[in-house]
Undergrad: 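Before I ask anything, let me first share the structure, which is written out below as structure tokens.
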Amino acid sequence: MSAPSIPNLLSSRGRGGGRGGLRSRRGGALPSGSRADTAIQGTDTDAAVSRMSAVDLGYLTDPYAKYFISQMDGPNPRRLPIINRGTYTRTQALDNLIDAFIATDGSDALKSTRQIISLGAGTDTRPFKLFNSSDSSHIIYHELDFDVTSKKKLQLVRGIPVLSKILTDISTNDTGSWTSHPAAGGEYHAHGIDLRSLQDENQLPGLRSDVPTLILSECCLCYVQRAESERVIQYFTSRISNLSIVLYEPMHLDDAFGDTMVSNLAARHISMPGLQAYRNAKDQIGRLIGAGFSTAKYMTIDDAWEDWVSQDEKERVHQLEGLDEVEEWKLLAGHYIVAWGYRGEGFTRMWNIKGK
């Protein structure tokens, strides 16, 4: 299989549900309403199809994803095995790091309240899974995305009993934000905001600066210009002492496949400045150190499959669908990276996870 015909994992980047064009693509890459912005928002359909394909086939368990995908177009299409494996591995990799952050043990100086800030979150289902847990009282969860996307998510939560039983006691304000005090405890905040406009404290009601915090950017910051990405991260590093970050992004790697990714995006009127600014793992690690994180690690998606997925789980996944295109899988998965870093206290378990 030649590089131009290899599927692109960007089509499977939606974390938890997003779906059917309901979600803006990752926190404001371009001015709302522009042609390019509309194209980026349209990738939600790809994300929805890929996520539901992985769920339908048994790769992942996500009881909430179906509520964020349109049922008007008939049965959900099945993705190629290589895409299903990519969706599975990316999800497992991010969950691995986030779960370690939430579960940080008593050896840390700050071990109770945990805050997660999800950039460009859209209709991600992770909050529903976390707040449906019996041990979520220590979690503060913030989601940031365009105002129209945040409002649509609110409409869905209010209209679907399964969701409204999790995110309960909802209140709204005139800043484009809405808040829930989930039945299982903790706090949830949704902020309708363009990430590029972050400037002052009042834009994110409920943000804490005194607790260990994780910033999550799953194919979000790669859609904004490098200077804008740096400003977004600096907004949080200037306010929160005990801070970690997890990034999931593609890498160019200066090869034919990287050129193909850029061409495929351009054909859909989508620009991804981060793909050019941070072309390899060294660039991503330098980015985090330069942003003020004292230590940083990474794994490619190929690395995560090999080192973070147990042999039994690999066999289970292989039994769902055999994967004959091993070389193509390694090429594809090698072009995607999970990078994470931290500074301060509260990240012991997270940092003990194997990385490069």
Side-chain angles (χ1 to χ4, degrees), residues 1-15 43 46-47 49-51 53-54 57 59-60 77-94 96-97 217-223 246-268 270-287 297-311 313-340 354-356:
M1 185 183 295
S2 62
S5 65
I6 296 175
N8 194 331
L9 278 185
L10 287 174
S11 68
S12 64
R13 71 183 179 281
R15 284 191 296 276
T43 63
D46 295 333
V49 169
S50 295
R51 179 71 183 188
S53 176
L57 291 168
Y59 285 84
L60 299 169
R78 177 180 293 191
R79 290 297 198 199
L80 294 171
I82 195 172
I83 291 296
N84 290 325
R85 181 177 289 189
T87 302
Y88 165 85
T89 308
R90 183 204 71 248
T91 302
Q92 294 295 95
L94 295 177
N96 191 25
L97 289 163
S217 173
E218 185 179 358
C219 253
C220 170
L221 294 178
C222 52
Y223 282 106
V246 174
L247 302 171
Y248 166 74
E249 296 191 355
M251 297 184 293
H252 191 288
L253 298 182
D254 297 311
D255 63 6
F257 185 73
D259 291 340
T260 298
M261 285 199 291
V262 174
S263 297
N264 288 344
L265 290 165
R268 301 175 66 180
I270 297 172
S271 172
M272 188 178 287
L275 193 59
Q276 302 293 355
Y278 309 105
R279 301 174 75 88
N280 52 47
K282 181 180 178 181
D283 289 344
Q284 289 285 6
I285 295 299
R287 170 193 197 177
K297 294 182 182 180
Y298 79 91
M299 293 286 268
T300 66
I301 292 299
D302 184 32
D303 294 330
W305 168 260
E306 293 297 332
D307 295 343
W308 289 0
V309 179
S310 70
Q311 187 58 41
E313 184 66 0
K314 286 190 180 78
E315 292 175 2
R316 183 192 73 82
V317 169
H318 186 72
Q319 289 174 0
L320 297 174
E321 295 180 295
L323 183 64
D324 297 327
E325 306 90 351
V326 176
E327 291 184 5
E328 287 77 7
W329 159 254
K330 288 184 174 296
L331 176 60
L332 179 68
H335 276 79
Y336 291 82
I337 189 172
V338 177
W340 68 103
K354 180 179 179 180
K356 295 184 176 180

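Values below: every heavy atom of this structure, side chains too, minus hydrogens, waters and symmetry copies.
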Undergrad: For residues Pro250 and Cys222, report the shortest heavy-atom separation together with the two atoms involved.
TA: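 The pair with the smallest heavy-atom distance is CD-SG, 4.4 Å.
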Undergrad: Check the pair Glu313 / Tyr88 against side-chain hydrogen bond (donor to acceptor under 3.5 Å, both in side chains), numbers first and verdict last.
TA: CA-CA 11 Å; Glu313 184 66 0; Tyr88 165 85; 2.8 Å; yes
Undergrad: Between Asn84 and Arg79 (side chain of the first, backbone of the second, donor and acceptor by atom type, cut-off under 3.5 Å), is there such a pair?
TA: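 Checked: pair present.
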Undergrad: Which heavy atom of Thr300 sits nearest a heavy atom of Ala333, and at what distance?
TA: CB-O, 4.0 Å
Undergrad: Distance check, rounded to the nearest 0.5 Å: Trp329 atom CH2 versus Ile83 atom CD1?
TA: 9.0 Å
Undergrad: Check salt bridge (Lys or Arg N to Asp or Glu O under 4.0 Å) between Asp254 and all other residues, then give those that pass, not counting sequence neighbours.
TA: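 With neighbours one apart ignored, the set is Arg279.
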Undergrad: Any side-chain heavy atom of Tyr298 sitting closer than 4.5 Å to one from Leu247?
TA: no
Undergrad: To the nearest 0.5 angstrom, please state how far the CG atom of Asn96 sits from the CE atom of Met299.
TA: 9.0 Å
Undergrad: Grab the two heavy atoms, one from Gly334 and one from Leu253, that are nearest each other, plus how far apart they are.
TA: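 Reported closest heavy-atom pair: O-CD1, 3.5 Å.
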Undergrad: As an exercise, state the distance from CD of Gln92 to OG1 of Thr87, rounded to the nearest 0.5 Å.
TA: 11.5 Å
Undergrad: At their closest point, which heavy atom of Leu320 faces which heavy atom of Leu57, and how far apart are they?
TA: CD2-O, 3.4 Å
Undergrad: Considering only heavy atoms from C-beta outward, does the side chain of Asn280 approach that of His252 to under 4.5 Å?
TA: no
Undergrad: Check Ile301 against Arg90 and note the closest heavy-atom contact, atom names and distance.
TA: CD1-CA, 3.9 Å
Undergrad: Drop me the distance from Lys282's NZ to Met251's CE, to the nearest 0.5 angstrom.
TA: 14.0 Å
Undergrad: Without swapping roles, check the side chain of Arg316 against the backbone of Tyr59 for a donor-acceptor pair under 3.5 Å.
TA: yes
Undergrad: Are Thr89 and Trp308 close enough that some pair of their side-chain heavy atoms sits under 4.5 Å apart?
TA: no
Undergrad: What I'd like to find out is whether the side chain of Leu60 reaches to under 4.5 Å of the side chain of Arg51, using heavy atoms alone.
TA: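 When only atoms from C-beta onward are counted, Arg51 and Leu60 do touch, with a gap below 4.5 Å.
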Undergrad: Which residues pass the side-chain contact (heavy atoms from CB on, under 4.5 Å) test with Lys314, not counting sequence neighbours?
TA: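 Partners of Lys314 under the side-chain contact (heavy atoms from CB on, under 4.5 Å) test: Trp305, Glu306, Val309, Gln311.
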Undergrad: What's the verdict on side-chain contact (heavy atoms from CB on, under 4.5 Å) for Tyr278 and Ile337, showing C-alpha distance, side-chain angles and the deciding distance?
TA: CA-CA 11 Å; Tyr278 309 105; Ile337 189 172; over 6 Å; no
Undergrad: List the steps and the verdict of side-chain contact (heavy atoms from CB on, under 4.5 Å) for Gln276 and Val262.
TA: CA-CA 9 Å; Gln276 302 293 355; Val262 174; 3.5 Å; yes
Undergrad: Just so I know, are the side chains of Leu94 and Tyr248 near enough to count as touching, which here means a heavy-atom distance under 4.5 Å?
TA: yes
Undergrad: Within this structure, what is the SG-CE distance for the pair Cys219 and Met272, rounded to the nearest 0.5 Å?
TA: 5.0 Å
Undergrad: So how far is it from Leu323 CG to Arg85 CZ, rounded to the nearest 0.5 Å?
TA: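 So the CG of Leu323 and the CZ of Arg85 are separated by 4.5 Å.
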Undergrad: Side chains of Asp255 and His335: any donor to acceptor distance under 3.5 Å?
TA: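 Indeed, the side chains of His335 and Asp255 share at least one donor-acceptor pair under 3.5 Å.
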Undergrad: Is there side-chain contact between Lys356 and Asp303, with at least one heavy-atom pair below 4.5 Å?
TA: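 Yes, close enough: below the 4.5 Å cut-off.
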Undergrad: Spell out, as yes or no, whether a donor-acceptor pair under 3.5 Å connects the side chain of Asp259 to the backbone of Ala256.
TA: no
Undergrad: Do Arg287 and Gln284 pair up side chain to side chain, a donor and an acceptor below 3.5 Å, judged on atom types alone?
TA: yes
